[in-house]
Amino acid sequence: MAGSPTARRRRLSIELKKLREKSGLTCAQVGQALDWSGSKVNRMETGSGRVQPSDVDALCRFYGTSDELREFLKSLAREAKTRGWWQVHGAGVPEWFNIYIGLEQDASTLRQYQCELLPGLMQTEAYARELHTTGAHMSAEDIDRAVRVRLERQEMLTRPDAPPEAWFVVNEGAVRNVIGDREIMREQLEKILVITELPSVTLQVLPFDSGTYPATGSFTMLGFPAPEDPDLVYRDGITDAVYLEGEHHVREYTRAFDGLRAAALSPQRSARLVQSVVKEYSK
């Protein structure tokens with residue numbers, strides 16, 4: 001079963017949609033049969049609202065599922081109501097990013113391209129704090145919460161029980177762009193060199209002279225251990241985020257990521273480039 005409440009909610013919505021499509025009915029038809037609105041059925045299938053176990057029970061009985069499947073889906077609905085560790089930090093973590101963290105915690109593979117900043121899963125406290133402080137309309141308390149969540153997220157890379165296979169491609173500009181000051185950057189790049197020693201982590205730097213490569217903007221692709229949970233693409237902005245789950249989106253972003261990996265330096269050469277920048281900041 002999916003590990004985080006967000007992943008459970010996503011799995012539940014996927015299964016409910018599959019059941020309806022197998023029945024050959026529309027959301028409106030199912031809603032009419034159960035004396036619900038069609039929009040309620042749609043919300044349950046998209047995960048855009050809380051789903052009550054009693055509603056899942058009614059749907060499963062309507063679709064004629066087995067008792068075993070009905071109880072499994074009801075358990076997903078119950079467990080989806082629990083709060084993740086990151087949700088106790090309130091306004092320090094936007095609601096749209098809460099969703100991402102829940103999915104990230106359950107991912108078995110993570111592929112990320114960063115064109116401006118270094119990956120959040122590799123950031124030092126000083127680097128992360130500088131990013132949250134500059135231009136942010138957040139209280140000092142919320143900044144503390146946001147930084148704490150970012151650092152706690154990083155624990156997934158070193159957890160003993162199957163950490164995700166994480167592959168990062170970062171533009172050279174993200175390596176050389178000074179966030180805060182040179183001391184912050186030196187410590188930040190030294191941390192990256194330590195993290196890339198982990199057997200489950202790979203880092204490649206896309207150099208300035210790499211030539212033409214897929215111009216995509218930053219994005220993250222998450223893969224999950226259960227085959228019933230399809231991969232997704234995540235892109236965020238200042239105030240919101242986009243989640244792309246269709247096969248077409250995943251296929252095209254996979255192709256783009258493969259192109260970026262091909263254009264980037266090898267992991268060994270990338271490490272040497274980062275080491276050279278560390279030396280520059282040490283002078």
Side-chain angles (χ1 to χ4, degrees), residues 1-91 93-108 220-237 239-253:
M1 184 183 297
S4 73
T6 308
R8 292 180 182 120
R9 191 177 304 120
R10 178 173 184 253
R11 174 72 179 279
L12 176 61
S13 65
I14 290 171
E15 294 299 329
L16 293 179
K17 183 176 181 179
K18 284 166 58 178
L19 287 172
R20 179 183 57 77
E21 291 178 340
K22 185 177 180 180
S23 74
L25 300 173
T26 65
C27 290
Q29 290 171 326
V30 173
Q32 184 178 26
L34 294 173
D35 199 24
W36 297 345
S37 66
S39 60
K40 174 177 177 176
V41 178
N42 180 261
R43 287 194 300 272
M44 294 171 71
E45 293 184 2
T46 57
S48 56
R50 292 291 179 88
V51 180
Q52 298 299 326
S54 58
D55 290 339
V56 173
D57 186 84
L59 276 174
C60 288
R61 293 183 186 280
F62 174 72
Y63 293 134
T65 70
S66 66
D67 292 344
E68 182 180 14
L69 179 58
R70 184 174 73 250
E71 291 305 314
F72 172 69
L73 296 182
K74 286 169 63 178
S75 70
L76 286 181
R78 285 192 294 270
E79 293 163 8
K81 294 181 179 181
T82 61
R83 288 167 60 85
W85 60 260
W86 57 93
Q87 292 176 302
V88 303
H89 294 288
V93 182
E95 181 60 33
W96 51 267
F97 195 58
N98 271 325
I99 297 172
Y100 172 78
I101 297 176
L103 295 170
E104 180 186 69
Q105 292 296 302
D106 202 55
S108 57
T220 302
M221 299 181 65
L222 299 177
F224 303 91
E228 297 85 359
D229 297 334
D231 294 0
L232 64 82
V233 179
Y234 170 82
R235 302 188 65 157
D236 63 12
T239 59
D240 61 2
V242 176
Y243 296 85
L244 305 172
E245 299 186 74
E247 290 184 11
H248 168 71
H249 297 299
V250 173
R251 182 175 63 252
E252 291 304 312
Y253 274 88

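Index from 1, following the sequence. Keep in mind it's a predicted model, so treat the numbers as computed, not measured.
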Asker: Report the distance from atom CG of Leu16 to atom CG of Asn42, rounding to the nearest 0.5 Å.
Answerer: 11.5 Å

Asker: About how many Å separate CG of Asp57 and OG1 of Thr65, when rounded to the nearest 0.5 Å?
Answerer: 8.5 Å

Asker: Strictly distance-based, threshold 3.5 Å: is any side-chain N or O of Tyr253 a donor or acceptor partner for the main-chain N or O of Leu232?
Answerer: no

Asker: What heavy-atom pair brings Asp106 and Pro225 nearest, and what distance separates the two atoms?
Answerer: O-CD, 3.5 Å

Asker: Look up atom CZ in Arg20 and atom CG in Leu59, then write down how far apart they are to the nearest 0.5 Å.
Answerer: 10.5 Å

Asker: Please name all residues satisfying side-chain contact (heavy atoms from CB on, under 4.5 Å) with Gln29, sequence neighbours left out, ordered by chain then number.
Answerer: Leu25, Thr26

Asker: On a heavy-atom basis, which atom in Tyr243 and which in Tyr234 lie closest, and how many Å separate them?
Answerer: CE2-CD1, 3.4 Å

Asker: Name all residues meeting the salt bridge (charged side-chain N to carboxylate O under 4.0 Å, His left out) criterion together with Asp67; count only those two or more places apart in sequence or in a different chain, and write none if there are none.
Answerer: Arg70

Asker: Mind checking the CG-NZ spacing from Leu12 to Lys74? Nearest 0.5 Å is all I need.
Answerer: 12.5 Å

Asker: Within this structure, what is the CG-CG distance for the pair Asp229 and Leu222, rounded to the nearest 0.5 Å?
Answerer: 11.5 Å

Asker: Locate the shortest heavy-atom distance separating Val250 from Val233; write the atom from each residue and the value.
Answerer: CA-CG2, 4.2 Å

Asker: Any idea which heavy atoms bring Thr220 and Tyr100 closest together, and the distance?
Answerer: CG2-OH, 3.5 Å

Asker: According to side-chain contact (heavy atoms from CB on, under 4.5 Å), who are the partners of Lys40, at least two apart in sequence or on a separate chain?
Answerer: Trp36, Ser37, Arg43, Met44, Asp55

Asker: Specify the closest pair of heavy atoms between Phe224 and Ala107, including all atoms of both residues, with the distance to one decimal.
Answerer: CD2-CA, 3.9 Å

Asker: Is the closest side-chain heavy-atom distance between Arg9 and Val51 below 4.5 Å?
Answerer: no

Asker: Just jot down the side-chain contact (heavy atoms from CB on, under 4.5 Å) partners of Gln32, sequence neighbours excluded, or say none.
Answerer: none

Asker: List for me each residue that meets side-chain contact (heavy atoms from CB on, under 4.5 Å) alongside Glu21, sequence neighbours excluded, and say none if there are none.
Answerer: Lys17

Asker: For a quick test of reading the model, state the closest non-hydrogen atom pair linking Pro230 to Ile14 and the distance between them.
Answerer: CD-CD1, 3.5 Å

Asker: Under the salt bridge (charged side-chain N to carboxylate O under 4.0 Å, His left out) test, which residues partner Glu104, sequence neighbours left out?
Answerer: Arg153

Asker: Once rounded to the nearest 0.5 Å, what's the spacing between atom CZ of Phe72 and atom OG of Ser66?
Answerer: 11.0 Å

Asker: Are any of the side-chain heavy atoms of Leu19 and Leu73 separated by less than 4.5 Å?
Answerer: yes

